[in-house]
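Report on one structure; see the data block that follows.
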Amino acid sequence: MAYDPGAIDAALAAAVGDEPLLIAELRLAFIASVEGALTQMRMSTDIDAWTLAARRMKGLAASFGAVRLMAAATAAIDSTPHDTEVMRRIHHEIARL
């Protein structure tokens with residue numbers, strides 16, 4: 001499945017219908033949740049905390065069709081905490097949202 005920049009909005013529209021203001025509000029909540037998971041990853045002090053935050057991010061991304069972010073979070077789950085390349089990739093994918 002390829003990344004579709006409109007996937008998040010399409011998933012939200014399917015859930016709530018044609019409600020542009022609600023879609024915009026939910027999109028912001030999604031991005032805030034992703035950024036919260038990223039903060040948890042940055043603050044993690046052990047592999048368990050890192051993995052938990054990466055799994056949270058992966059689940060959020062999967063729920064809204066953000067396939068590339070989901071792949072980056074999967075890479076984080078399989079990496080060591082604070083892996084520079086993984087974090088760069090995650091930052092890049094969050095910026096695309």
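Computation of the quantities below employed the complete heavy-atom set of this structure, encompassing side-chain atoms and omitting hydrogens, waters and symmetry-equivalent molecules. These figures come from a predicted structure and were not determined experimentally.
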| Checking side-chain contact (heavy atoms from CB on, under 4.5 Å) against Leu69, which of Glu93, His92, Lys58, Arg96 comes through? |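 Considering Glu93, His92, Lys58, Arg96, a side-chain contact (heavy atoms from CB on, under 4.5 Å) with Leu69 is found only for Glu93.
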| How long is the gap from CG on Asp18 to CD1 on Ile23, to the nearest 0.5 Å? |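 Answer rounded to 0.5 Å: 6.5 Å.
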| Value rounded to 0.5 Å, distance of CZ in Arg56 from OG1 in Thr51 |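 Rounded to the nearest 0.5 Å, the CZ-OG1 separation comes out at 15.0 Å.
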If you take all heavy atoms of [X] and [Y], which pair is closest and at what distance?
{"X": "Ala54", "Y": "Ile77", "value": "CB-CG1, 3.6 Å"}
{"X": "Ala76", "Y": "Ile90", "value": "CB-CD1, 4.0 Å"}
{"X": "Ile94", "Y": "Met57", "value": "CD1-CE, 4.2 Å"}
{"X": "Val86", "Y": "Ala72", "value": "CG1-O, 4.2 Å"}

Would you list the atom pairs, donor with acceptor, under 3.5 Å between side chains in residues 28-43 and any protein atom, with sequence neighbours excluded?
| from | atom 1 | to | atom 2 | distance (Å) |
| --- | --- | --- | --- | --- |
| Ser33 | OG | Ala29 | O | 3.1 |
| Thr39 | OG1 | Glu35 | O | 3.1 |

| note | Residue set satisfying side chain to side chain contact (heavy atoms under 4.5 Å, CB included) with Asp48, at least two apart, ordered chain then number -> Asp46
| said: Please enumerate all residues that pass side chain to side chain contact (heavy atoms under 4.5 Å, CB included) together with Leu26, with sequence neighbours excluded. | reply: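 Here the qualifying residues are Leu12, Val16, Leu22.
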| field | Counterpart residues, ring-ring contact (aromatic ring centres under 6.0 Å, His included), relative to His82 (two or more places apart) | value | Trp50
| query | Can you name the residues that form a side chain to side chain donor-acceptor pair (under 3.5 Å) with Arg55, not counting sequence neighbours? | reply |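 With sequence neighbours excluded, Arg55 shows a side chain to side chain donor-acceptor pair (under 3.5 Å) to no residue whatsoever.
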| said: According to salt bridge (charged side-chain N to carboxylate O under 4.0 Å, His left out), does anything in residues 73-90 pair up with another residue at least two apart or in another chain? List the pairs. | reply: Glu85-Arg88
| Does Leu52 share a hydrophobic cluster with Met87, counting links as ILVMFWY side-chain heavy atoms below 4.5 Å and allowing steps through other members? |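 Different clusters.
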